[in-house]
Amino acid sequence: MLRTLPGRIAPGELPTLRRTAARRALGAVVAVAASLATVTGTAPQAAAADNSARCPSGKLCLFQYGQYKGEMKIVPSSQATLGAFDNKASSLVNNSGKWAVAYTGAKYTGGDSLLISPHNGAIELSGGAFGGTFDNKISSMRVATTEYEAVQGVPWMDWYRQPEEKRPEGLPDAARFGDLNNDGRPDLLERAADGRLWFLSGIGNADGSTKGKLVGSGWNAMTQLVRHGDYNGDAKEDVYARDRSGVLWFYPGRGDGAFGARKKVGGGWNGMREISAAGDLSGDGRRDLLARDTAGKLWLYPGKGNGVFGARKLAGSGWNALNQMVSPGDMNGDGKSDLLARDGSRALWLYAGNGRGGFTPRKKLPYAWPSDEPVIATGDVNGDGLSDLLRPIDYQAFVYYGTGRGSVGGPNADMLWDTAPGVRVF
């Protein structure tokens, strides 16, 4: 994929959108992100193999002249200035597995930019290509392992909480989750397209830009990632992950956004279409797990309080009509953990927990919830003690504040979103 990013947008200016003032009124961000996505693609032109082959395998190369002739510069990483190659490239080759954005200005600025996908190959800039926009006009390049980082300049998604959005003290267990570092503020985990897992605390820098903490790499080996509070009784939020072989792993939280040594829960979990850490559904004070199998049966795995589970119990049948389960905590204010599920008609249903491992008759929530977009439960986002929901729409995520009566209010712009396949936020 090769896309021109039009001059009126200037992707080099996009990082400023992460500042606090812009974040609180993100209508402009939506317009910017949407226009980036709709730019017409331009295919690379054919090139003589004996010239473009000068660029080694796995490298990103700039060439002094068209047809991949003249001096060659290898660009191994982001370059705020191209030095002697500033405004002197007339062709390029991307044989690397990285994304790149070429800017017409220094320090990732300028009126025009070119987004280059991994292994894009030879790209001619001279001879009228791109209307002459980039021929001898590239002054900086940002290089990254994900498209989002190449465009935005940081590898993590925007997530910022104002200081007043700290959750109230004394929330019941059903409502107290989504806080991995025990600071009273909601946070997120983001698995990026390259498999890196980021802890997003919601705390910003002095200039309003956001912070991300790297938890680790290789998390794209996991096919399911879920969290919902403390599962081993140490007052720290934990995570469960299922790998490709069907093994379910327990990652005990350390209370700082990272995890201790993982513990094997068991194998054979590939028979489950979906897993959801649902909180305490049975009313025994221990948090439980729900799993929907390929036959449409819903199973309750009662927690033992040490990260593993007792013998499973059938919680329902006919769940194949539902394509996502979401564990929001307490949505209706009765102090019991609930479940949300989306059907194929874009309806989101509340299954209120009865405190005995079952549910009361379901209730439909407002709005349409498309099946190609996740519904994310992070507990209380805005510090009012009520459980909320997040949902991405194109290049932005919106928060739907819970009413505390089993429903949600209208969407509010909340953060930029990485639309790449494999991205998981929870």
Side-chain angles (χ1 to χ4, degrees), residues 174 222-229 231 239-250 265-284 286-304 308-332 336-377 387 389-391 406-408 421-422 424-426:
M222 299 299 176
T223 59
Q224 287 271 294
L225 294 163
V226 294
R227 63 187 267 229
H228 187 124
Y231 275 76
V239 162
Y240 287 94
R242 182 186 66 189
D243 66 25
R244 292 193 184 100
S245 68
V247 174
L248 186 67
W249 298 93
F250 173 66
V265 177
W269 287 80
N270 273 345
M272 297 300 169
R273 180 168 295 177
E274 190 175 7
I275 301 168
S276 184
D280 178 19
L281 292 170
S282 60
D284 63 357
R286 301 167 183 168
R287 295 179 185 262
D288 310 313
L289 200 71
L290 285 172
R292 176 171 61 103
D293 66 23
T294 55
K297 292 181 179 179
L298 184 66
W299 297 94
L300 171 67
Y301 290 79
K304 288 185 174 183
V308 299
F309 305 97
R312 69 181 188 178
K313 302 175 183 178
L314 184 64
S317 301
W319 284 71
N320 271 344
L322 303 164
N323 53 46
Q324 187 187 357
M325 298 189 303
V326 185
S327 297
D330 178 19
M331 286 291 291
N332 61 0
K336 301 170 184 175
S337 291
D338 304 320
L339 179 68
L340 294 170
R342 183 186 59 205
D343 65 23
S345 299
R346 302 175 56 177
L348 190 64
W349 299 90
L350 170 65
Y351 293 79
N354 61 16
R356 302 184 301 276
F359 306 98
T360 62
R362 68 182 189 176
K363 172 186 174 182
K364 186 177 180 180
L365 270 68
Y367 310 109
W369 303 80
S371 60
D372 58 348
E373 297 169 347
V375 181
I376 304 163
S387 289
L389 300 176
L390 276 171
R391 171 199 160 195
S407 189
V408 292
R424 178 78 165 88
V425 174
F426 62 109

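In this structure, CG in Asn354 is found 10.0 Å from OG in Ser282, a value given to the nearest 0.5 Å. A distance of 5.5 Å separates CE of Met331 from CG of Leu340, quoted to the nearest 0.5 Å. Atom CG of Leu290 is separated from atom CD1 of Ile275 by 10.5 Å, given to the nearest 0.5 angstrom. Separation of atoms CG (Asn332) and CG (Asp338) is listed at 4.5 Å; rounding is to 0.5 Å. Atom CD in Gln224 sits 12.0 Å away from atom CG in Asp243 (nearest 0.5 Å). Interatomic distance, CE of Met272 versus CG of Leu298, reported as 9.5 Å (0.5 Å rounding).
Of all the heavy atoms in Lys297 and Ser317, the pair that sits closest is CG-OG, 4.2 Å. In terms of heavy atoms, Pro328 sits closest to Ala377 at CA-CB, 3.7 Å. Residue Arg242 comes nearest to Trp269 through the heavy atom pair NH1-O, 2.9 Å, listed as atom of the first residue, atom of the second, then distance. For the pair Phe426 and Arg227, the tightest heavy-atom approach, listed with the atom from each and the gap, is O-NH1, 3.0 Å.
By the 30° and 60° cut-offs, the orientation of the rings of Phe309 relative to Tyr231 is perpendicular.
Residues satisfying the side-chain contact (heavy atoms from CB on, under 4.5 Å) test with Ala241, not counting sequence neighbours, are Trp219, Met222, Leu225, Tyr251. A search for side chain to side chain donor-acceptor pair (under 3.5 Å) contacts involving Asp343 returns Trp349, not counting sequence neighbours. Judged as a salt bridge (charged side-chain N to carboxylate O under 4.0 Å, His left out), and not counting sequence neighbours, the contacts of Arg391 are Glu373. Tyr240 pairs by the side chain to side chain donor-acceptor pair (under 3.5 Å) definition with nothing, not counting sequence neighbours. Residues forming a side chain to side chain donor-acceptor pair (under 3.5 Å) with Arg346 (at least two apart in sequence, or on another chain): none. Applying the ring pair (Phe, Tyr, Trp, His ring centres under 6.0 Å) criterion to Trp249, with sequence neighbours excluded, gives no partner residue. Partners of Val308 according to the side-chain contact (heavy atoms from CB on, under 4.5 Å) rule, which considers only residues two or more places apart in sequence or in another chain, are Lys263, Lys304, Asn306. Checked against side chain to side chain donor-acceptor pair (under 3.5 Å), Trp299 has the following partners two or more places apart in sequence or in another chain: Asp293.
Taking the side chain as every heavy atom from C-beta outward, Val408 and Leu348 never approach each other to under 4.5 Å. Considering only heavy atoms from C-beta on, Leu389 stays 4.5 Å or farther from Ile376 through its side chain. Using a 4.5 Å heavy-atom threshold, the side chains of Leu248 and Leu289 count as touching. Side-chain atoms of Val425 and Leu390, non-hydrogen and from C-beta on, never get closer than 4.5 Å to each other.
Although no hydrogens or angles enter the test, the distance criterion places no donor-acceptor pair under 3.5 Å between the side chain of Ser327 and the main chain of Ser276. Although no hydrogens or angles enter the test, the distance criterion places no donor-acceptor pair under 3.5 Å between the side chain of Asn323 and the main chain of Ser371.
Annotation: salt bridge (Lys or Arg N to Asp or Glu O under 4.0 Å) contacts involving residues 318-331, sequence neighbours excluded, are absent. Pairs of residues two or more places apart, or lying in two chains, that qualify as salt bridge (Lys or Arg N to Asp or Glu O under 4.0 Å) and include a residue from residues 269-284 are Glu274-Arg292. The stretch residues 351-360 participates, sequence neighbours left out, in no salt bridge (Lys or Arg N to Asp or Glu O under 4.0 Å) pair at all.
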Please tabulate, for side-chain N and O atoms in residues 357-364, each donor-acceptor pair with protein atoms closer than 3.5 Å (sequence neighbours left out).
residue: Thr360; atom: OG1; partner: Ala352; partner atom: O; Å: 3.4
residue: Arg362; atom: NH1; partner: Tyr351; partner atom: OH; Å: 3.1
residue: Lys363; atom: NZ; partner: Arg405; partner atom: O; Å: 3.2

